[in-house]
Protein chains: 2
Amino acid sequence: MRLTTKGRYAVTAMLDLALHAKQGPVSLADISARQEISLSYLEQLFAKLRRNELVQSVRGPGGGYRLGAEAAQIVVAQIIDAVNESIDATSCGGEGNCQDGQICLTHHLWCDLSKQIHQFLSGISLADLVARQDVVAVAKRQDDLQALDLIEASAV
Amino acid sequence: MRLTTKGRYAVTAMLDLALHAKQGPVSLADISARQEISLSYLEQLFAKLRRNELVQSVRGPGGGYRLGAEAAQIVVAQIIDAVNESIDATSCGGEGNCQDGQICLTHHLWCDLSKQIHQFLSGISLADLVARQDVVAVAKRQDDLQALDLIEASAV
DNA sequence: TATAAGACCTAGTAATACAGTAGGATATTG
DNA sequence: CAATATCCTACTGTATTACTAGGTCTTATA
């Protein structure tokens with residue numbers, strides 16, 4: 001099991017998408033600026049998200065990405081899965097052949113843990129996150145900062 | 001956050017220790033044979049477990065390791081922590097300075113997840129595992145197989 | 001008292017994945 | 001045509017994992 005910057009980036013980017021959905025397609029450049037994630041790395045993550053139909057792309061100027069489904073239908077567990085960060089805590093992938101074709105001493109423990117985490121992350125949709133007070137506050141901070149940066153950039 | 005073979009090995013070895021506690025100190029060679037874990041790797045893991053006082057060592061022939069506390073007092077979360085596999089899912093270590101000194105968009109989500117996992121793994125002691133039916137069954141299988149291997153080895 | 005069983009310690013290594021960079025091709029708007 | 005943006009592939013430094021190899025120190029026992 002692994003949960004690193006990769007999975008966190010993917011969820012963060014998807015949440016950013018959900019937050020700015022009403023303004024039409026969101027470009028990766030915008031997400032990159034707001035969330036401080038390398039643009040090229042984002043591109044690689046979004047390739048996987050697109051293959052998993054979690055986002056739709058719009059090419060050309062003014063283009064970007066849209067959510068592939070309603071925010072309420074997209075759940076954190078799916079996003080992490082999509083970028084290949086397995087939530088599974090077992091070594092056997094849940095198959096139960098961890099020791100010579102049979103289960104190892106701690107097989108059920110890791111199965112239970114996997115189930116626990118999966119249930120938790122499956123219970124949280126993008127819509128849930130968008131509705132959270134702390135998320136709204138951070139999003140506002142980021143939007144304000146980006147607006148400020150744009151003004152400064154145009155002044156130069 | 002990471003949960004790999006390393007943490008699983010540590011928990012498995014500790015559980016093996018708890019299961020064979022009544023027969024006096026348990027040698028790493030025995031654990032290595034039963035759980036199919038490289039002896040030298042086990043030594044490295046047990047160095048950390050000893051530093052965290054989760055086990056006590058007995059040197060010399062007939063020596064090995066004993067639990068550092070009652071099985072009911074040792075909890076899975078401690079073991080994983082001891083071998084440096086952080087259960088924390090945040091990038092900031094829970095400090096909340098993930099984006100320019102302030103929290104990032106998904107900070108609370110990862111905090112909640114970390115808490116969730118920690119609670120789960122803190123609620124399971126070695127005594128709990130020893131009492132589980134599936135654990136007892138696997139332990140018996142491993143003990144029988146090891147006994148058989150010893151007979152075969154002496155026959156050669 | 002010599003031997004062997006075991007803990008204890010350090011260094012090194014192949015494989016893997018992460019996080020990021022670089023450079024370009026393709027599509028679309030104006 | 002030019003600019004914007006997605007799309008695609010290849011490469012790279014770094015860190016960690018899981019493991020091997022060698023050795024030292026301690027102690028029960030024959």
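Naming: A, B, ... by sequence-line order, numbering from 1 per chain.
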It should be established whether B:Y41 places a side-chain nitrogen or oxygen under 4.0 Å from OP1 or OP2 of nucleotide D:dA18. yes
C:dT21 P sits how many Å from A:L42 CG, rounded? 12 Å
So, does the side chain of B:S27 form a donor-acceptor pair with the base of C:dA5 at under 3.5 Å? no
May I have the distance from B:F46 (atom CZ) to C:dT10 (atom P), rounded to whole angstrom? 19 Å
For A:Q35 and C:dA19, give me the distance from atom CD to atom P, rounded to whole Å. 16 Å
Nearest to the side chain of A:P61, which nucleotide is it out of D:dA3, C:dA5, C:dC18? D:dA3
Do A:R59 and D:dT6 share a donor-acceptor pair, side chain to base, under 3.5 Å? yes
Using the closest heavy atom to pick a nucleotide of DNA chain D for each, name whichever of B:Y9 or A:R50 lands nearer the 5' end. A:R50
Quickly work out the A:Q56 CD to D:dC7 P distance and round it to whole Å. 11 Å
Is there a donor-acceptor contact under 3.5 Å linking the side chains of B:Q73 and B:S125? no
Going by modelled atom types, is there a donor-acceptor pair between the base of C:dC9 and the side chain of B:Q44 at under 3.5 Å? no
Tell me what B:T5 touches on the nucleic acid: a base, only sugar-phosphate, or nothing, going by heavy atoms under 4.0 Å. sugar-phosphate
Please tell me whether B:W110 and B:T106 have a donor and an acceptor in their side chains that are separated by less than 3.5 angstrom. yes
So, under a plain 3.5 Å distance rule, would you say the side chain of A:T4 forms a donor-acceptor pair with the base of C:dA19? no
Looking at B:K6, does any N or O in its side chain come under 4.0 Å of the phosphate oxygens OP1/OP2 on D:dA18? no
Does A:K115 pair with A:D88 as a salt bridge, N-O distance under 4.0 Å? no
Rounded to whole Å, CG of A:L45 lies from C1' of D:dC8 at a distance of 14 Å
I'd like to know if the side chain of B:N52 reaches the main chain of B:L54, judged simply by a donor and an acceptor atom lying under 3.5 Å from each other, with no hydrogens or angles considered. no
Spacing between B:E85 atom CD and D:dA15 atom P, to the nearest angstrom: 18 Å
Base, sugar-phosphate, or nothing for B:S57, non-hydrogen atoms under 4.0 angstrom? sugar-phosphate
Taking only Lys NZ, Arg NE, NH1 and NH2, and the carboxylate oxygens of Asp or Glu, determine whether B:D112 and A:R132 approach each other closer than 4.0 Å. yes
Check every atom of D:dA18, D:dA3, C:dA7 against the side chain of B:L28 and return the nucleotide holding the closest atom. C:dA7
Can you check the A:L39 CG to D:dC8 P distance for me, whole Å? 15 Å
A:L49 CG to D:dC7 C1': how many Å, rounded? 14 Å
Could you say whether B:S38 or B:N84 is positioned toward the 5' end of DNA chain D, judged by the nucleotide with the nearest heavy atom to each? B:N84
Quick one: do the A:Q56 and A:R66 side chains pair a donor with an acceptor below 3.5 Å? no
Should the side chain of A:E43 and the base of C:dT21 be counted as holding a donor-acceptor pair, with the cut-off at 3.5 Å? no
Taking only the side-chain nitrogens and oxygens of B:R2, find out if one of them lies under 4.0 Å from OP1 or OP2 of D:dT17. yes
Once you apply a heavy-atom cut-off of 4.0 Å, does B:Y65 come out as touching a base, just sugar-phosphate, or nothing? sugar-phosphate
